[in-house]
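The model shown is predicted, which means the values in this text are computed figures rather than measured ones.
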Amino acid sequence: MEKAVIRKSSNHINQNEGLIFERSRPGRRGYCLPASDVESMPIESLIDAKQLRDDDLAGLPEVSEVDVVRHFTRISTWNYAVDLGMYPLGSCTMKYNPKLNERVSRFDGFAASHPYTPDEMAQGNLRLLKALEDSLAEITGLAAVSLQPAAGAQGEMTGLMTIRKCLESRGDARKYVIIPDSAHGTNPASAAICGYAVKTIKSGSDGSVDLDNLRQVIDGDVAALMLTNPSTLGMFEEKIEEVCRIVHEAGGLVYMDGANMNALVGVTRPGDMGVDVIHLNLHKTFSTPHGGGGPGAGPIAVTRELEPFLPSPRVVEITDANGETTLRLDYNRPHSVGRVRAFHGNFSVLVRALCYIVSLGPDGLREATETAVLNANYIAHHLKDDYEVAYPGKPMHEVVFNDKRQQAFGVHTLDIAKRLIDYGFHPMTVYFPLIVPGAIMIEPTESEGREELDLFIDAMKSIAREVRENPDLVKHAPHNTRIGRLDEAAAARKPVLRWRPASSAAGQK
Ligand SMILES: *Cc1c(COP(=O)(O)O)cnc(C)c1O
């Protein structure tokens, strides 16, 4: 499948933008400083000789301003982004990030304030943190919130640390955490980091927690149960109150992985279901940027009983004799698990999340949730004749299929995901959750309108047809990209980071 390589000379805005170093021409400059009007001094008189380079060249590309701008602008068009099109990655809630959030987070008072600003001069920023904590407490139905954790996984760790501290204060930290087999991989990792063994329970035939299995494995050594709701299969855990009752009766606490809160916000509250701790992924549910390694934010919300153990410092309100309230950072938290993150977490992400919450308001948040669920069900309905639904039941904000029907033609989930790229979409989530062999997991979010959903459905239906009629086409996808199918294991272990002419580049077609 050798693909013709378009040479730079034949099409100068092309698919193979070279390195900026290849544009370098000796002596070319982006900007020239005016001639110096002071006497020059030898650099050796200012800097120790052994700190100086032997030759004059820094090895940096010598290019003009136009060269730089065009080079990076061209490369930027290679990215797929949520500002470009739909991002159907299930479990990730890749919703659109409103530009209003970006604007507000760049206000000088937020973006340029120093984290060591004394409390009395940072009242606005502390008020913002407090307002976000209060909003998230209201949304989750829990008593107190810490904004420190930098991501969902760190939220999980912090939540389990608070659980451990709480149990220690009751006299026994206990031994293990129960986690359903459908959980995200970060759940068992967080439990292990907090010194707990992991007991896995099987999902029932409908994908929900198997209560009989739970009753069998649970005993007085249980520290907590970690539950994702809706589950990673996208389905509401209908027996959650019963699950919480069983865990509480055994003296354990219930941790809810809140990565799927986009299906619940404004409609129902985990605190009301009996959950003790939850983390939220602000970069998923609350529309802050997501991907490329962050930054994100993974606040945790906890019950009144767990509040003393939250990370330090906490934002507290002090009322003086005149009835005036000011906000302070309270470091005097003797029971706290301590700090988990420098300063106040990823502050500018927190600004964006509060902006999103305030601009939508309670009704808007609820409508976003309802639309997210409607959109996922629209896709589930229109694709069920072409792809096998993994588990029966009503999906919420995401839907999981598998590749059973396509396997008959020798085509697998990975091939379908790669072919979707040719149709101009980012691939869906593949092979997660692990309990679904060949999982195809789709989460459209509320951001997409009917037309975009229909385009996506058309693409998926068209791929299903291609699988039946021309499976080889799908097996060798993608065809329309600058780089064809990679050996994924080799690409991860031996990445080709240096551009070479296409004829000699490994892994390029
Ligand atoms: C994304 C996700 C996590 C981890 O969150 P990060 O912010 O990526 O650390 C945990 N559980 C589930 C179900 C998730 O989807």
Using distance only, find each side-chain donor-acceptor pair of residues 194-205 under 3.5 Å and give its atom names and separation, not counting sequence neighbours.
from   : atom 1 : to     : atom 2 : distance (Å)
Tyr196 : OH     : Ala173 : O      : 2.7
Lys199 : NZ     : Val217 : O      : 3.0
Ser203 : OG     : Asp181 : OD1    : 2.6

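- For the atom pair CG (Leu306) and OG (Ser169), the distance works out to 9.0 Å, reported to the nearest 0.5 Å.
- Shortest non-hydrogen contact noted between Arg174 and Asp219 is NH1-O, 4.5 Å.
- Here the side chain of Asp257 pairs no donor or acceptor atom with the backbone of Met226 at under 3.5 angstrom.
- Looking at Met86 and His426, their side chains never come closer than 4.5 Å, going by heavy atoms from C-beta outward.
- When the shell of 6.0 Å around OH of Tyr116 is examined, it contains 12 or fewer heavy atoms from other residues, nucleotides or ligands.
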Could you walk me through whether Met428 and Phe401 satisfy the side chain to side chain contact (heavy atoms under 4.5 Å, CB included) test, starting with their C-alpha distance in whole Å, then the side-chain angles of each, then the deciding distance to 0.1 Å, before giving a yes or no? CA-CA 11 Å; Met428 69 300 259; Phe401 297 97; over 6 Å; no
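- Among residue pairs with one or both ends in residues 241-256, those qualifying as side-chain hydrogen bond (donor to acceptor under 3.5 Å, both in side chains) are Arg215-Glu242, Glu242-Arg245, Arg245-Glu249, His248-Asp276, Tyr255-His279; sequence neighbours excluded.
- In plain terms, the two heavy atoms of Glu398 and Ser91 that are nearest each other are OE1-N, 2.7 Å.
- Electrostatic pairing of Glu307 and Arg333 counts as a salt bridge here, judged by a charged N lying under 4.0 Å from a carboxylate O.
- At most 12 non-hydrogen atoms from other residues, nucleotides or ligands lie less than 6.0 angstrom from CZ of Arg103.
- For the atom pair CG of Asn125 and CZ of Phe347, the computed distance is 3.5 Å after rounding to the nearest 0.5 Å.
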Determine whether Tyr87 and Tyr80 satisfy the following criterion, ring-ring contact (aromatic ring centres under 6.0 Å, His included), listing intermediate values before the conclusion. CA-CA 9 Å; Tyr87 230 108; Tyr80 194 90; 5.5 Å; yes
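- Looking at Thr93 and Glu443, their side chains do bring a donor and an acceptor atom within 3.5 Å of each other.
- Donor-acceptor pairing under 3.5 Å is lacking for the side chains of Tyr356 and Asn97.
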Check residues 150-163 and write down every donor-acceptor pair under 3.5 Å in which the side-chain atom is one partner and the other belongs to a residue at least two apart or another chain.
from   : atom 1 : to     : atom 2 : distance (Å)
Gln154 : OE1    : Ala150 : N      : 2.7
Gln154 : NE2    : Val340 : O      : 2.6
Glu156 : OE1    : Thr186 : OG1    : 3.4
Glu156 : OE1    : Asn187 : N      : 3.2
Glu156 : OE1    : Asn187 : ND2    : 3.1
Glu156 : OE1    : Ser190 : OG     : 2.9
Glu156 : OE2    : Thr186 : OG1    : 2.7
Glu156 : OE2    : Asn187 : ND2    : 3.1
Thr158 : OG1    : Gln154 : O      : 2.6
Thr162 : OG1    : Gly159 : O      : 2.6

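- Ion pairing of Glu305 with Arg170 is present here, as a side-chain N (NZ or NE/NH1/NH2) and a carboxylate O approach within less than 4.0 Å.
- Heavy-atom neighbours of Gln123 CD from other residues, nucleotides or ligands within 6.0 Å: above the threshold of 12.
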